[in-house]
Amino acid sequence: MCKRCEEKNELDRRDFLKKSLTGIGSGIMLASPLEIFLGNVLMGMFSRATALAAGDESSFLDQKLVNISMANGPSRWFWDLPLRPNGNDLFQYNTNNDPKTSMLITKLSSGSGPGGAIGSYATTKVGNYYLPYLWSGKIATPTGSTNMANLASNMLMMRGINLMLDSHELDRYKQLVPAGSDSLTGLVADAATTPLPATGINGGGGYYHSKKGVSYQNMSGNNPFTTALSPFMNSSGLKTTSSDVGSMIDRALDVMKKHAGEKHKYLPNSFQDRLNAKKLMSTQFSNLQQTFSTLKAKYENLIARSFGDSSLFLNGVDAAAGIGGELNNSAFKMYLDTSSRIAYYTGSDISSITGTQGTTSTSISNLSAGMAVAEFMLMGPSGAPQSFSSSINIALGGTITNLIIDHAVSIATSTIAEKDYNNVRQTTNVDAHETGAYMQMILFSRYFRALSSCLYELIGRMKACNVQGGGTLFDRTAIAVNSEFTRSARNGGDGADHGWAGTCYSVFSGMIPQTMIVGHINHTGKDFGSNYQSTWGYGAPMSEFLGQTGLIGNAASTVATLMNVPTPTPNNPSYVTKDPSTGKVHSAVAEPKNV
Amino acid sequence: MKKIIFSLVLIPLLTNCTPQGSGELHFDDSAARSIATAYLDYDVSPYSVDRSYVESVFDQVFGTSGNTDGVENSIYQNTVFGGACDRYAASDNGGASYEFPRQQCYTGIDAVLPANSNPMRYSFTTRICENLVNGTNTFNSAMKKVLNVSSLPGTLPAPTDATIARAYQLFFQAEVPPADVISALSALTQNSSSTKESWQRILTTVCVSPEWQVF
């Protein structure tokens with residue numbers, strides 16, 4: 001595995017340098033000095049012969065799950081919640097079907113609406129479906145850019161999922177623990193062949209449960225790789241890890257393990273834990289802090305460019321001629337700073353709202369660190385074929401930080417005075433109750449462009465890693481992307497609330513052979529509440545589920561099907577079935593429709 | 001008196017409530033066995049023993065209590081070993097130490113913390129076991145228990161089946177090791193440079209065995 005990866009990465013390095021030199025002439029964006037530096041550091045890491053001990057091919061034999069949990073529930077109709085997947089589905093903007101006051105805006109054009117713009121729900125065709133307009137744009141790669149549509153090639157979007165409950169915390173937990181028993185992450189960890197079966201960053205242990213008692217290791221801080229691996233470091237002088245005495249001890253423990261297994265069916269897991277510990281203790285880890293920093297910097301760069309690189313901007317989304325903000329118009333309303341102060345964007349050009357990035361870049365909390373953890377835990381350090389973990393949970397924070405705001409005016413409240421924001425860095429909350437239609441489109445489009453870019457990079461790394469038995473690591477991995485809920489669009493376009501009765505759930509995997517969409521939604525949303533009468537994603541009955549809407553258990557069963565593990569919700573069938581001969585899935589339900 | 005009368009009436013009713021004839025319950029040997037081992041079929045996570053238990057075993061085997069060997073700190077300051085703690089125990093007693101240092105809530109643990117089996121636990125266990133087996137006083141303490149003597153002879157006796165069994169029982173109280181386990185532990189003496197090293201290998205193996213840490 002490793003040698004193939006290194007060969008591929010050597011090709012990547014040559015290709016990268018070539019592209020860096022040829023720049024625009026090759027059709028690829030010229031990389032910035034920072035990108036060139038990062039690229040050289042990364043490629044150097046991949047190609048150097050390190051002092052790492054030989055890795056472990058067996059750690060790639062199991063199925064891998066990466067779960068990305070987006071806190072605070074971003075509005076997902078900009079990205080993985082297609083509202084008109086067939087192009088001609090029933091649809092309404094709001095009670096009056098008026099786009100000028102609708103939240104469901106994916107593209108702006110010059111017109112008579114707020115700020116001199118008129119919005120619309122625009123789409124682009126990708127594969128057999130019409131996806132939100134953002135998919136017609138580009139996303140950043142370490143060496144330039146690519147079409148976002150390339151990310152959808154192995155993507156399953158499940159929509160119209162009713163969580164039956166409105167809660168930030170509990171709905172986040174339900175994505176992994178749909179029935180209060182075993183978590184998807186725990187079930188995958190139970191079948192893991194990796195030494196740290198379940199890991200995660202920024203929490204996650206509270207909604208993790210393994211049937212076999214396999215533990216979860218949380219990472220945090222500025223040096224998470226060392227946090228995860230420090231128990232195993234500096235072990236070179238130990239007899240139990242040396243080859244001769246250690247092997248004799250292993251043989252004796254094998255005999256003890258046999259008897260232990262007769263006494264307690266889970267005891268063999270503990271013996272395996274000891275072997276996993278020994279395996280890691282026999283490995284020499286070096287430069288973990290540097291490795292993390294370098295990987296994190298790669299993803300930080302992708303995220304920052306997603307917000308501020310004008311060459312990635314999509315006309316009608318990030319930029320539109322003559323479109324600026326407007327004071328006291330709810331379409332341009334947004335949360336600002338950590339106290340959720342409400343302000344209006346009043347600048348003259350929406351393309352400058354995320355401004356020049358400079359040294360402090362716009363970011364999504366925990367995304368770059370989380371992606372670095374995923375890449376390292378899945379594929380290990382360069383030079384050694386070692387997967388450290390099979391079940392990785394990335395809990396994103398609920399804010400966009402260091403957003404550059406020019407010409408925003410906050411409204412006065414009883415405790416906070418009115419204030420002008422001019423080219424100052426601010427934080428905005430993803431829980432966009434009071435963020436209006438146009439600002440949501442501007443901010444969340446950048447948010448999802450950043451997430452897409454990170455996913456594309458991670459998936460590309462996995463596709464470059466061939467594994468024993470054929471295929472690549474991506475063919476054995478599912479990346480689940482979910483949030484506490486999507487958002488229920490208010491009729492007036494002045495904000496969006498908790499859309500717990502119509503959330504969506506996406507999965508990326510080499511097991512998914514094409515862009516797939518499943519799940520029905522109600523095109524009026526009226527039963528959810530009088531203030532949400534639009535096609536925002538409210539779940540609709542499905543005949544396959546005997547007239548019930550999709551539930552989070554159906555999504556969990558789908559991930560379990562991909563992972564070849566028991567579902568935590570056996571009463572809720574999967575949206576897909578898996579062909580054991582090809583390892584690919586196909587839809588088990590009817591084409592998505594709006595009712 | 002009313003109670004006595006009530007009881008006399010009730011006893012026949014209770015004793016007659018067992019179904020008669022074909023419905024009568026019989027507890028044969030196989031049923032008894034299945035009841036006795038039924039808990040093994042529960043799909044529950046195994047619990048690893050907590051830090052207090054682990055440390056007590058090391059205390060018993062190696063005589064580490066009160067020693068400055070680092071065992072207490074290694075175990076008690078380590079969240080992977082789980083176990084309860086008392087936030088109030090960390091209160092300063094006015095001197096340079098805590099009132100009840102062994103009960104402190106290290107690294108944010110509070111309340112009861114059940115611990116699962118995990119690789120970190122066995123990494124720490126391995127280090128502690130090797131440290132104790134290689135330490136003169138701690139090794140001697142364990143060997144006194146193995147040989148059942150109050151002071152060690154000048155030359156350690158070579159391991160026998162009986163003494164190997166005692167070494168095993170230091171960690172697995174009241175359990176007779178199977179013959180093949182004795183053989184496997186005995187095989188550790190091959191190519192050993194000394195009798196002491198043979199014993200160190202045996203004690204290390206039993207000490208790092210995960211079995212005694214899982215219930």
Side-chain angles (χ1 to χ4, degrees), chain A residues 181-182 186 190 194-198 208-218 228-235 237-241 244-246 248-281, chain B residues 37 39-48 78-80 82 114-127 129-131 133-134 168 171-172 175 177-192 197 200-202 204-215:
Chain A
S181 55
D182 302 312
D190 283 342
T194 42
L196 299 173
Y208 169 87
H209 188 261
S210 149
K211 191 182 286 296
K212 293 183 179 177
V214 175
S215 66
Y216 174 87
Q217 189 172 3
N218 182 51
L229 298 169
S230 61
F232 311 101
M233 296 165 75
N234 303 318
S235 308
L238 297 173
K239 286 181 182 172
T240 35
T241 58
D244 50 352
V245 178
M248 295 174 75
I249 290 174
D250 287 349
R251 283 196 291 275
L253 286 169
D254 271 347
V255 177
M256 297 174 76
K257 175 184 170 184
K258 185 185 76 176
H259 290 286
E262 291 167 358
K263 284 194 297 186
H264 192 313
K265 68 178 180 178
Y266 290 127
L267 264 169
N269 297 329
S270 300
F271 281 84
Q272 184 59 46
D273 280 339
R274 191 199 73 85
L275 287 176
N276 288 339
K278 180 186 171 187
K279 193 181 294 179
L280 289 176
M281 293 167 81
Chain B
T37 59
Y39 74 96
L40 293 177
D41 295 327
Y42 276 77
D43 239 348
V44 296
S45 301
Y47 286 108
S48 298
N78 210 313
T79 58
V80 301
N116 286 326
S117 176
N118 59 67
M120 286 78 77
R121 169 183 282 258
Y122 298 112
S123 173
F124 291 118
T125 301
T126 299
R127 292 172 200 276
C129 288
E130 289 213 16
N131 183 35
V133 168
N134 292 326
Y168 178 91
F171 292 86
F172 303 92
E175 187 171 327
D180 54 350
V181 170
I182 295 286
S183 298
L185 293 172
S186 181
L188 289 164
T189 63
Q190 291 170 8
N191 303 320
S192 173
E197 186 183 341
Q200 285 176 322
R201 291 180 183 180
I202 291 168
T204 301
T205 303
V206 182
C207 183
V208 301
S209 167
E211 191 177 354
W212 64 268
Q213 291 195 28
V214 178
F215 286 165

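In what follows, chains carry the letters A, B, and so on, assigned in the order in which the sequence lines appear, proteins first and then strands, with residues in each chain numbered from 1.
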Which one, Glu130(B), Gln190(B), Arg201(B), leads in non-hydrogen pairs under 4.5 Å with chain A? Glu130(B)
Nearest 0.5 Å please: distance from the CZ atom of Phe124(B) over to the CZ atom of Phe232(A). 7.5 Å
Counting heavy-atom pairs closer than 4.5 Å to chain A, which one of Asn134(B), Val181(B), Asp180(B), Thr126(B) comes out on top? Asp180(B)
Measuring from Leu238(A):CG to Arg127(B):CZ, what's the distance to the nearest 0.5 Å? 6.0 Å
Of the listed residues (Thr204(B), Val133(B), Leu185(B), Val208(B)), which shares the most heavy-atom pairs with chain A below a 4.5 Å separation? Val208(B)
Quick one: closest heavy-atom pair of Pro210(B) and Ser270(A), and the distance? CG-O, 3.6 Å
Okay, Lys258(A) and chain B: the region with an atom under 4.5 Å from a heavy atom over there is side chain
Show your working on side chain to side chain donor-acceptor pair (under 3.5 Å) between Arg274(A) and Ser209(B) and close with a plain yes or no. CA-CA 8 Å; Arg274(A) 191 199 73 85; Ser209(B) 167; over 6 Å; no
Tell me the closest heavy-atom pair linking Pro119(B) and Pro195(A), and the distance in Å. CG-O, 2.9 Å
Contact origin within Met256(A) toward chain B - heavy atom pairs under 4.5 Å: both
For Glu211(B), give me all partners under salt bridge (Lys or Arg N to Asp or Glu O under 4.0 Å), at least two apart in sequence or on another chain. Lys263(A)
Would you say Met248(A) and Thr205(B) make side-chain contact, with heavy atoms under 4.5 Å? no
Contacting region of Asn191(B) [heavy-atom separation from chain A under 4.5 Å]: neither
Would a distance-only check, ignoring hydrogens and angles, find a side-chain to backbone donor-acceptor pair under 3.5 Å from Ser123(B) to Pro231(A)? yes
